[in-house]
Amino acid sequence: MPFEPSSHIPRLPGNDCSPGKPSDSRGDGFAGGCISLIVLLIEIPVAILLGLSLAIRGWGHPEEQSGAPTMDWVPVLWLGGFTLGVLMVALVFLLSAHPYAGAVQLLIAAIALIFTMTVWHKVDERAHPSPLPTCPTRAGTPCTSSDSATDR
């Protein structure tokens with residue numbers, strides 16, 4: 001990297017970033033922070049609406065299934081799509097020379113990925129419950145809850 005005689009800062013050849021240039025061409029922290037704040041203020045309501053729609057989704061349907069419930073992929077797919085959207089925004093920021101905004105978006109994507117994996121794990125456990133232990137009084141048959149309606 002060549003050094004200019006009047007400057008102690010090394011510069012790459014062809015990279016003519018100087019302090020007099022506008023901040024959008026330099027990709028400094030202030031512009032990245034402002035962009036990150038704007039995108040964060042957009043993502044917060046989207047995440048709240050996503051959470052509310054997933055929480056309200058199951059209120060109107062009482063569970064009347066007799067067996068184990070099927071795997072519900074809707075929350076996993078919604079949160080996964082949100083996570084991929086945040087990752088795409090982070091990639092755009094990192095490629096457009098806004099490393100601070102990209103780093104904030106990567107942090108948000110990591111948090112969203114943790115939520116996605118947690119929801120997937122809970123839905124998977126609900127769809128595939130552990131088997132009942134064998135009943136000590138009846139050899140080889142699983143224990144069931146003693147419900148007076150089923151004993152008749």
Pair V39, E43 - check side chain to side chain contact (heavy atoms under 4.5 Å, CB included), show working. CA-CA 6 Å; V39 171; E43 286 173 348; 3.6 Å; yes
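- Under the 4.5 Å side-chain heavy-atom criterion for grouping Ile, Leu, Val, Met, Phe, Trp and Tyr, L106 is not connected to I111 through any hydrophobic cluster.
- By the 4.5 Å heavy-atom criterion applied to side chains, W120 and W73 are counted as neighbours.
- The cluster map of Ile, Leu, Val, Met, Phe, Trp and Tyr, joined by side-chain heavy atoms under 4.5 Å apart, puts I48 and I42 in different clusters.
- Placement of L52 and L77 within a single hydrophobic cluster is found when ILVMFWY residues are connected by side-chain heavy-atom separations under 4.5 Å, directly or transitively.
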Check step by step if side chain to side chain contact (heavy atoms under 4.5 Å, CB included) holds for L40 and I44. CA-CA 6 Å; L40 187 65; I44 288 173; 4.2 Å; yes
Before giving the answer on side chain to side chain contact (heavy atoms under 4.5 Å, CB included), spell out for L113 and L87 the whole-Å C-alpha distance, their side-chain angles and the decisive distance to 0.1 Å. CA-CA 10 Å; L113 182 63; L87 278 174; over 6 Å; no
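- Remark: of the listed residues V86, V92, L91, L94, V86 is the sole one forming a side-chain contact (heavy atoms from CB on, under 4.5 Å) with Q105.
- For the atom pair CD1 of I108 and OG of S36, the computed distance is 6.0 Å after rounding to the nearest 0.5 Å.
- Under the 4.5 Å side-chain heavy-atom criterion for Ile, Leu, Val, Met, Phe, Trp and Tyr, I38 and I35 are members of distinct hydrophobic clusters.
- Nearest heavy atom pair, residue D72 against residue V76, reads O-CG2, 4.5 Å.
- Applying the side-chain hydrogen bond (donor to acceptor under 3.5 Å, both in side chains) test to residues at least two apart or on different chains, the pairs with a partner in residues 106-116 are T83-T116.
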Checking side chain to side chain contact (heavy atoms under 4.5 Å, CB included) for the pair F115/F82: CA distance, chi angles, key distance, verdict? CA-CA 11 Å; F115 277 115; F82 179 75; over 6 Å; no
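- Between A90 and G102, the closest heavy-atom pair is CB-O, 3.8 Å.
- With sequence neighbours left out, D124 forms a salt bridge (charged side-chain N to carboxylate O under 4.0 Å, His left out) with no residue at all.
- Hydrophobic clustering (ILVMFWY, side-chain heavy atoms < 4.5 Å, transitive): Y100 and L37 are in distinct clusters.
- The CE atom of M117 sits 12.0 Å away from atom CG of L79, with the distance rounded to the nearest 0.5 Å.
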